[in-house]
Amino acid sequence: METPTTSTYEQERRTKVQKLRELGLEPFGGQTPGIQPLALIKSVYKPEMGHDGGPPVKAAGRVILKRDMGKLSFLTLRDETGDLQVALDKKRLSDLQWQVRCLIDLGDIIAVEGPLGVTNKGEITIWATSLAMASKALLPPPAKWEGLSDVELRYRQRYVDLFANPQVMATLKLRIRIVEEVRQFMRDRGFIEVETPMMQPIAGGAAARPFVTHHNALNIPLYLRIAPELYLKRLLVGGFAKVFELNRNFRNEGISPRHNPEFTMLEAYEAFGSWQTMAELVESMICHVAEKLFGTLKIEHKNADGTVRRTINLEGDTTKPAGQRWRRVRMADLVEEHTGWHFDKNKLQDAPPAVMSRILDLYAEKLQLTGPRDQSAHYRTFIHHLDRMSPAEQLQEVYEKLIEPTLIDPTFVTHVPSVIIPLAREARDDPFFADVYELAINGQEISPGYSELNDPDIQAQHFQHQVGDEQQKMDDDFINALKHGMPPAGGMGMGIDRLVMTLTGAESIRDVILFPLMKPIE
RNA sequence: GCGCCAUUAGCUCAAUUGGCAGAGCAGCUGACUCUUAAUCAGCGGGUUUCAGGUUCAAGUCCUGAAUGGCGCACCA
């Protein structure tokens, strides 16, 4: 591809590429066996090795700092594992290689070989006896001290972000470790990982707008899945007892600090389980991951200056058995606790005026509104919005908008109105509510868990109702599957990106996704 | 889709009331064999995101656009 850029930086560096070629050297390197990670090399050094008495080592990395002093240079190399100093001493290098030294810029990737040692000031250092350009960088890296801080550039050019900002690399690697631990935990619990269609003729299992594509040979529309749920349940019908899938879902909705159009979801189903077995599973899993990766159940979110912004306590009530320690509370009780609204399945408009006043207090707090209430369009819109809802929707709305964001420590919210959860079973003692939990941590919904609905007729009714709302399409084949008999089951979903945000303290979902979606330029 | 805010050198940021667009790092030239964001001397570097407008004069004020951030809406 043609390079349109003609910045002086690039021109200078292209000249150096040319000079390397004139010296008979390859500016873009080649296969180089025997290179060891910088952190490993650093760990090999022992004080008795002295100034340069360590073993010969072979290293490679990006030059992130350069200090030239006439006939001696110190470079700081960086690789995936960390930083290490390399010394280029004119006496130890051939004339040709010394000329290479003069052509090294910040950002270049170089390979060196030489004994491991230490400088007079005590810095562990490779005293290079050979030096090769592995990849000449044609573009300059960001400022060496500030790194790259322009948010847009960081997301658009993550490759720069990763090498310029070690904290970014650390967070994204932590994400990878979390995913590994979640998988391992599920396997240890006897769940098997399956792969179900990401391209579906009917996008079911959730209420969200799907991405649409087209299959040419069949001449049919296909939808990127918004959830794997209906296929995983088909597997229960087929006889799988404990399955999970950990992969991408796609939802054609707005982008926000908590929403990326493609995101990673864990879904798991256990025959003869329930929302209670799923609650135990998710609580145990998150605690396991936290213990394994951080060695603690107290997760601290820190600011850039190191001060603690927020602490999430995953311990719960330690007088109870492990896996049942997190708070469990009915949605109606939680709403009453915060607003004084005693939910009796009647409309909010019928509650005492003090309730609405309290709800508006919370609304003002959330949006940080200070002005008078009567004239504010904010309040009018919100009230009008609530007025048009059914009591069940009002309960859900008050919880989701005003209370969920305040739930920092893990909380299982149970007895959610069943009308808004078409794929779950109704509670036996009161069919107004569904047999489910919604787990909130860090002010976000992290995981829903259901006692799954396996009655094909009730499921079909729920779909009919939903079709009326244009929320979910009727999936006749799924109903057909249920007619063959699906064992009663517990099912759960868990938003992996949000879990990672909770565990790492990331404020935006983009900080835990390697390549978040950005609008293309032009 | 709506609202608020931002956009200045490769990067990080200044620029008073509307009055000559600047610094640090990076770059170039030179010095330097123990530096740690090396140091020292000198030199370059700009369509102030874009398109219009007001004005003697616009980075600064106005209108529109683009991209981004945050909030709202959407997303059970």
Side-chain angles (χ1 to χ4, degrees), chain A residues 5 7-13 15-16 51-52 64-76 83 85-92 105-107 117-125 127 137-157 160 164 205-210 226-227 249 251-261 263 363 366-369 377-378 381-382 385 392-393 395-397 399-401 404 416-424 434 436 438 445 448 450 466 469 471-472 493 495 507-508 510 516 518-522:
Chain A
T5 318
S7 75
T8 53
Y9 287 91
E10 184 168 345
Q11 284 166 12
E12 295 283 359
R13 285 165 183 252
T15 304
K16 289 173 184 173
H51 182 66
D52 58 0
I64 57 160
L65 292 172
K66 187 159 66 87
R67 297 173 289 278
D68 292 332
M69 267 148 299
K71 300 187 178 62
L72 176 68
S73 291
F74 293 103
L75 309 182
T76 304
D83 297 350
Q85 179 166 275
V86 171
L88 304 181
D89 180 347
K90 192 166 196 298
K91 284 185 194 157
R92 295 173 193 258
D105 284 308
L106 294 182
V118 75
T119 62
N120 294 349
K121 295 280 171 63
E123 183 80 18
I124 297 172
T125 300
W127 296 97
L138 297 181
L139 296 174
K144 58 191 180 186
W145 188 241
E146 292 90 353
L148 185 64
S149 63
D150 183 295
V151 178
E152 184 176 354
L153 277 182
R154 285 187 44 228
Y155 296 147
R156 286 192 191 279
Q157 302 187 24
V160 177
R209 278 159 57 198
I226 55 176
N249 286 350
R251 295 188 184 178
N252 204 342
E253 307 283 358
I255 296 174
S256 86
R258 286 162 297 283
H259 299 85
N260 195 63
F263 62 100
Y363 185 70
K366 183 190 172 188
L367 294 189
Q368 302 190 324
L369 300 174
H378 278 290
T381 310
F382 182 61
H385 183 58
E393 290 167 331
L395 183 72
Q396 162 76 11
E397 181 74 0
Y399 163 70
E400 195 176 291
K401 290 282 157 44
E404 187 182 84
V416 179
S418 50
V419 290
I420 52 180
I421 309 193
L423 295 163
V436 304
E438 281 184 12
E445 185 183 343
Y450 301 169
Q466 288 288 315
D469 289 295
Q471 293 273 301
Q472 289 202 17
E507 291 291 290
S508 170
R510 298 179 196 98
M518 301 292 279
K519 191 166 185 172
I521 299 170
E522 293 289 345

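All chains are named by letter (A, B, ...) in the order of the sequence lines, taking the proteins before the strands, and each is independently numbered beginning at 1.
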Inset, instruction - Please state the C1' separation for the pair B:U54 and B:C70 - nearest whole angstrom. - result: 32 Å
Legend entry - Side-chain N,O (A:R258) to OP1/OP2 (B:C75) below 4.0 Å: no
Legend entry - Test side chain to side chain contact (heavy atoms under 4.5 Å, CB included) applied to A:K66 and A:T76, A:L88, A:L75, the passing residue: A:L75
Inset, instruction - Rounded to the nearest angstrom, tell me the gap between atom OH in A:Y399 and atom P in B:C75. - result: 17 Å
Inset, instruction - Let me know, please, whether A:H259 or A:D89 comes out on the 5' side of the other along RNA chain B by nearest nucleotide. - result: A:D89
Legend entry - Whole-Å gap separating P (B:G68) and CG (A:D150): 12 Å
Inset, instruction - List in chain and number order the residues that pass side-chain hydrogen bond (donor to acceptor under 3.5 Å, both in side chains) with A:E152, two or more places apart in sequence or in another chain; answer none if no residue qualifies. - result: A:R156
Inset, instruction - Determine whether the side chains of A:T125 and A:Q85 contain a donor N or O and an acceptor N or O closer than 3.5 Å. - result: yes
Legend entry - Rounded C1' spacing from B:G52 to B:A66 in Å: 15 Å
Inset, instruction - With C1' as the reference atom in both, quote the distance from B:C5 to B:G44 in angstrom, rounded to an integer. - result: 36 Å
List every contact pair, protein side and nucleotides 25-31 of chain B side both N or O, where the distance is under 3.5 Å.
| unit_1 | atom_1 | unit_2 | atom_2 | d |
| --- | --- | --- | --- | --- |
| B:C25 | O3' | A:K144 | NZ | 3.2 |
| B:A26 | OP1 | A:K144 | NZ | 2.3 |
| B:A26 | N3 | A:Y9 | OH | 2.3 |
| B:C28 | OP1 | A:K16 | NZ | 2.5 |

Inset, instruction - In whole angstrom, give me the gap between the C1' atoms of B:U8 and B:G45. - result: 14 Å
Legend entry - Smallest separation among heavy atoms of A:A424 and A:A434, with atom names: CB-CB, 4.4 Å
Inset, instruction - Answer yes or no: does a side-chain N or O of A:S7 lie under 4.0 Å from OP1 or OP2 of B:G10? - result: no
Legend entry - Interatomic distance, A:R154 CZ vs B:G69 C1' [rounded to whole Å]: 12 Å
Inset, instruction - Taking only the side-chain heavy atoms of A:M69 (C-beta and beyond), determine which of B:C34, B:U36, B:C74 contains the nearest atom. - result: B:C34
Inset, instruction - Considering only atom C1', compute the distance from B:A41 to B:G53 and round it to an integer number of Å. - result: 48 Å
Legend entry - Shortest non-hydrogen contact between A:R13 and A:P141, atoms and distance: NH2-CD, 3.7 Å
Legend entry - Residue A:K401, side-chain atoms from C-beta onward, closest of B:C34, B:A73, B:C11: B:A73
Inset, instruction - Please report, rounded to the nearest Å, how far the P atom of B:A38 is from the CG atom of A:L88. - result: 14 Å
Inset, instruction - Return the value, rounded to whole Å, for the distance between atom CD1 of A:I226 and atom P of B:C75. - result: 12 Å
Legend entry - Pair of N/O donor and acceptor under 3.5 Å linking B:C34 base with A:H51 side chain: yes
Inset, instruction - Grab the CD-P distance between A:E253 and B:C75 for me, whole Å please. - result: 6 Å
Legend entry - Heavy-atom pair of closest approach, residues A:A206 and A:A227: CB-CB, 4.2 Å
Inset, instruction - Please confirm whether the backbone N or O of A:R209 pairs with a side-chain atom of A:E253, one donor and one acceptor, at under 3.5 Å? - result: yes
Under 3.5 Å, which N/O atoms of the protein pair with N/O atoms of nucleotides 47-50 of chain B?
none

Inset, instruction - Taking atom P in both B:G18 and B:C25, compute the distance separating them and give it to the nearest angstrom. - result: 32 Å
Legend entry - side-chain hydrogen bond (donor to acceptor under 3.5 Å, both in side chains) partners of A:D150, counting only residues at least two apart: none
Inset, instruction - Search all heavy atoms of A:L148 against all heavy atoms of A:P142 and return the closest pair with its distance. - result: CB-CG, 3.8 Å
Inset, instruction - With P as the reference atom in both, quote the distance from B:C50 to B:U7 in angstrom, rounded to an integer. - result: 13 Å
Inset, instruction - Using atom CG of A:L153 as one end and atom C1' of B:A6 as the other, report the distance to the nearest whole Å. - result: 14 Å
Legend entry - Interatomic distance, A:E397 atom CD to A:I420 atom CD1 [nearest 0.5 angstrom]: 10.0 Å
Inset, instruction - Decide yes or no, distance alone: a donor-acceptor N/O pair under 3.5 angstrom between the base of B:U36 and the side-chain of A:T76. - result: no
Legend entry - Ring geometry between A:H51 and A:W127 (parallel below 30°, tilted from 30 to 60°, perpendicular above 60°): tilted
Legend entry - All stems with RNA chain B, defined as three or more consecutive Watson-Crick or G-U pairs under 3.5 Å: B:1-7 with B:66-72, B:10-13 with B:22-25, B:27-31 with B:39-43, B:49-53 with B:61-65
Inset, instruction - Considering non-hydrogen atoms only, spot the tightest contact between A:I226 and A:N249 and give its length. - result: O-ND2, 3.4 Å
Legend entry - With A:S73 via side-chain hydrogen bond (donor to acceptor under 3.5 Å, both in side chains) - residues at least two apart: A:D68, A:R101
Inset, instruction - Indicate, with a heavy-atom threshold strictly under 4.0 Å, whether A:K71 touches base, sugar-phosphate, or nothing. - result: base
Inset, instruction - Give one of base, sugar-phosphate or nothing for A:E445, where a contact means two heavy atoms less than 4.0 Å apart. - result: nothing
Inset, instruction - Looking only at non-hydrogen atoms, find the nearest pair between A:L139 and A:E10 and report the distance. - result: CD2-OE1, 3.7 Å
Inset, instruction - Using the P atom on both, measure B:A51 against B:G59 and round to a whole Å. - result: 13 Å
Inset, instruction - Scan A:S149 against the nucleic acid and name what it touches under 4.0 Å (heavy atoms): base, sugar-phosphate only, or nothing. - result: sugar-phosphate
Legend entry - Atom-pair distance (CG on A:L72; P on B:U36), nearest Å: 12 Å
Inset, instruction - Could you check A:Y363 against A:R510 and say which one's nearest nucleotide on RNA chain B is further toward the 5' end? - result: A:R510
